[in-house]
There are 2 protein chains.
Amino acid sequence: MYQARIHITLKPTVNDPQGVTVLSSLQRLGFGNADDVRIGKFLLVNVNETDRAKAEQSVTEMCQKLLANPVIEDFQFELEEMPAPRATT
Amino acid sequence: MYQARIHITLKPTVNDPQGVTVLSSLQRLGFGNADDVRIGKFLLVNVNETDRAKAEQSVTEMCQKLLANPVIEDFQFELEEMPAPRATT
């Protein structure tokens, strides 16, 4: 059992209107030191595989097929081994 | 100049309907090994401070006042020192 910590971020050249809005809100709230904001997604996905290579391959495909939009987004992830889930009775 | 890498996640006891939807989509796409999905936000905020303690305090306040909803969300962040921005002429 592995847990994937996936970061999905807009490519650096893509505009981030949500980030621009948050930045201007921060400045209006008095955070004059805020300078640039980029907003992405963070996903925790548990993958039921005992083999790290298989888990890695699965997560890569999940990102390519569903989780990220490859046209405008980049993704990266780390895998962390987890204790197996308890058997349910 | 510091860059804060902020993770905002739902508290473990809070339902994540978006995660449930993504999990069922993954399973329908053939990822039978996907087991649990939790979705959060990932923000990169540049903070124009030379002092790490001040930057840390600012980012904590940003999270408490605007970025996270303390009732249902947790936040954590790391600060990374960045080269100062180039002077604009």
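Chain naming here is simple, since letters A, B, ... match the order of the sequence lines and numbering starts at 1 in each. Model, not experiment: these values are computed from the prediction.
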- Within the side chain of A:Q57, is there an N or O that forms a donor-acceptor pair under 3.5 Å with the backbone of A:A53? no
- Query: Which answer fits A:L67, side chain, backbone, both or neither, if we ask what part of it has an atom under 4.5 Å from a heavy atom of chain B?
  - Reply: side chain
- Item | Pick from B:K41, B:E49, B:H7, B:K54 with the largest number of heavy-atom pairs that fall under 4.5 Å of chain A | B:H7
- Query: Counting only N and O atoms by type, is there a donor-acceptor contact under 3.5 Å from the side chain of A:R52 to the main-chain atoms of A:Y2?
  - Reply: no
- Message: If I measure from the heavy atoms of chain B, does A:Q3 come under 4.5 Å with its side chain, its backbone, both, or neither?
- Response: neither
- Message: Between A:R5 and chain B, with a heavy-atom cut-off of 4.5 Å, which part of the residue counts as in contact: side chain, backbone, both or neither?
- Response: side chain
- Message: Please rank A:D36, A:I6, A:V47, A:V37 by heavy-atom pairs under 4.5 Å with chain B and give me the top one.
- Response: A:D36
- Message: Measuring only between side-chain heavy atoms, which start at C-beta, is A:T60 closer than 4.5 Å to A:F75?
- Response: yes
- Taking all heavy atoms of A:R38 and all of A:L10, pick out the closest pair and write down the distance. NH2-CB, 3.6 Å
- Item | Side chain / backbone / both / neither for A:L43 at chain B, heavy atoms under 4.5 Å | both
- Do B:D16 side-chain atoms and B:I39 backbone N/O form a donor-acceptor pair below 3.5 Å? yes
